[in-house]
Q: 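The following block contains the structure, expressed as structure tokens.
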Amino acid sequence: MSTLSAPDELALFRRGAVDLVEERDLAARLAKARAERRPLRVKFGMDPSSPDLHVGHAVQLMKLRALQQAGHQIVLIVGDATAMVGDPSGRNKLRPQLSRADVEANLVTYTSQAGKVLDMTRTEVHKNSEWFDRMRFEDVLKLASKATVARMLERDTFEKRMAASEPIGVHEFLYPLMQGWDSVMIRADVELGGTDQLFNLLVGRDLQEKEAQPPQLCMTLPLINGLDGRKMSKSYGNAIAFTDSAVDMFGKVMSLSDDVMRAWFELLTAVPAAELDALLAGHPREAKARLGEELASFFHGRDAGRAAREGFDRQFRDKELPTDIPSIVYGKPWPVEGLALAVLLREIGLCASSSEARRLIEGGGVKLDGAVVADVNARVPSPAGELLLQAGKRKFARVRAG
RNA sequence: GGGGAGAUACCAAAGCGGCCAACUGGGCCAGACUGUAAAUCUGGUGGCUUAUGCCUUCGGCGGUUCGAAUCCGCCUCUCCCCA
């Protein structure tokens with residue numbers, strides 16, 4: 001079924017994987033599938049409560065893409081039922097229950113974003129409410145009885161939360177079981193996840209064995225940290241999202257730390273090893289720019305990727321103004337005595353509040369027509385033509401009176 | 001079921017009657033230096049049409065007081081110990 005030679009296929013599975021349980025079973029499993037002329041079913045779960053994908057997800061998706069291209073069957077599980085529990089992977093807040101409509105909407109968003117990486121026409125998608133909604137309480141108890149409390153407490157996040165005296169809801173123990181049950185229901189051969197998912201993936205193995213299925217192989221891939229070094233997450237504001245513009249993607253990549261370059265290249269691009277070594281031996285800025293261009297190009301096309309790089313160089317390396325400064329017409333009447341700069345900054349959206357604008361002005365971060373304005377109470381007379389405003393390094397606007 | 005401790009800004013954590021828009025650290029924003037990297041240094045990190053001024057904030061609701069994040073009552077939530 002696979003389009004690759006057996007050794008190549010094995011290597012493809014192994015590449016980049018942190019854990020591969022049980023690795024020694026992989027070759028046999030692949031050979032069997034090959035003999036039966038069927039693809040392996042490769043499972044990946046997603047959480048529908050935050051449908052916007054970022055490059056952290058891309059690590060997994062890129063792997064799925066490669067496996068898909070090698071002829072395997074990708075199965076995406078939308079965890080709408082599990083979302084009601086909330087993955088106990090660190091945070092202790094329960095998630096609000098999503099309405100059916102929300103789930104449907106998020107599902108559409110998700111699959112269309114995943115479609116930027118995967119061929120969705122060849123991808124199977126299931127919501128796990130498909131089987132969990134049909135369960136009776138008796139079934140739930142039966143499922144719950146398949147794991148022990150001690151086993152659950154092995155999970156490092158539970159352990160940490162216990163140690164930190166944080167509350168743990170009993171229902172949270174069900175999360176790994178639910179995720180594992182998904183594997184049973186779709187008869188997964190392989191499940192992919194981040195390194196933080198290892199426990200959940202292993203529970204799937206256990207459950208499959210108890211259900212007399214061949215236990216899935218569990219593959220974990222490294223988690224990519226966000227721009228600030230913490231786990232990448234939209235709620236931390238440190239993510240590069242699939243929906244970010246090419247310009248944003250490039251800019252965000254340029255602010256990455258040097259020492260994550262190799263990992264990002266290996267996990268997110270197809271740059272060959274030899275070329276990568278050469279790149280990393282050179283100036284880090286060059287390597288970073290290449291990474292930014294690769295990423296922006298992947299999601300937005302070659303032209304957009306190149307344009308993003310050129311625009312960035314122009315603005316930050318050559319200190320020229322960006323080419324796409326928005327022109328804003330200030331619609332309200334312009335006071336004769338002049339408009340307070342802080343208020344103007346807020347009104348045109350360069351700052352969130354006038355207090356924030358004042359702080360920025362005091363900190364020397366605001367330029368009017370190219371000159372720093374340090375007076376908090378500065379007033380701006382009604383301009384004859386256009387004013388050029390800059391707030392911080394990257395926010396620009398041209399303003400004219402309405 | 002019994003006993004004890006606690007809930008403070010994005011996170012952690014001080015404050016325990018006025019000097020509190022609230023110490024400190026992390027994060028974040030801005031400035032200097034740079035490669036929009038790291039490290040380092042500096043300032044900032046509730047809001048307000050213009051401020052040694054006003055308004056809102058310390059789990060919730062009430063109360064005491066000239067004055068409460070700080071004291072009292074009830075409520076909600078959490079943790080620990082014992083059973």
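In what follows, chains are A, B, ... by sequence order, proteins preceding strands, each numbered from 1. Owing to the predicted nature of the structure, the values given are computational and were not obtained by experimental measurement.
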Q: With a cut-off of less than 4.0 Å, is there a side-chain N or O of Ser355(A) near OP1 or OP2 of rG46(B)?
A: no
Q: Look at the aromatic rings of His126(A) and Trp131(A) and report parallel, tilted or perpendicular, splitting at 30° and 60°.
A: tilted
Q: Between atom CZ in Arg359(A) and atom P in rA30(B), what is the gap in whole Å?
A: 13 Å
Q: Which residue lies toward the 5' end of RNA chain B, Ala378(A) or Ser353(A), if each is placed at its nearest nucleotide?
A: Ser353(A)
Q: If I take atom CG in residue Leu350(A) and atom C1' in nucleotide rA30(B), what distance separates them, rounded to the nearest angstrom?
A: 14 Å
Q: I want to confirm an ordering. Mapping Lys288(A) and Ala352(A) to their closest nucleotides on RNA chain B, which one lands closer to the 5' end?
A: Lys288(A)
Q: Rounded off to whole Å, could you give me the CD-to-P distance for the Glu356(A) and rU45(B) pair?
A: 12 Å
Q: Rounded off to whole Å, could you give me the CD-to-P distance for the Glu362(A) and rU52(B) pair?
A: 11 Å
Q: For Gly251(A), report the nucleic acid contact type (base, sugar-phosphate, nothing); a contact means any heavy atom under 4.0 Å.
A: base
Q: Which nucleotide wins on minimum distance to the side chain of Ser257(A), given the candidates rA38(B), rU49(B), rC79(B)?
A: rA38(B)
Q: More than 12 foreign heavy atoms under 6.0 Å from CZ of Arg285(A): is that the case here?
A: yes
Q: To the nearest Å, how far apart are Arg285(A) CZ and rC33(B) C1'?
A: 16 Å
Q: Which value, rounded to the nearest 0.5 Å, describes the distance between Cys218(A) atom SG and Lys43(A) atom NZ?
A: 9.0 Å
Q: Using the P atom in both, what is the distance from rA12(B) to rU76(B), to the nearest Å?
A: 24 Å
Q: Looking at Lys367(A), I want to see if its NZ is surrounded by more than 12 non-hydrogen atoms of other residues, nucleotides or ligands under 6.0 Å.
A: no
Q: Report yes if at least one side-chain N or O of Arg394(A) is closer than 4.0 Å to OP1 or OP2 of rC29(B); otherwise report no.
A: no
Q: Separation of Arg346(A) atom CZ from rG47(B) atom C1', in whole Å?
A: 10 Å
Q: Among rC79(B), rG35(B), rU49(B), which is the nearest nucleotide to the side chain of Ser354(A)?
A: rU49(B)
Q: Any idea which of rC29(B), rA38(B), rG35(B) is nearest the Leu360(A) side chain?
A: rC29(B)
Q: Tell me what Glu337(A) touches on the nucleic acid: a base, only sugar-phosphate, or nothing, going by heavy atoms under 4.0 Å.
A: base
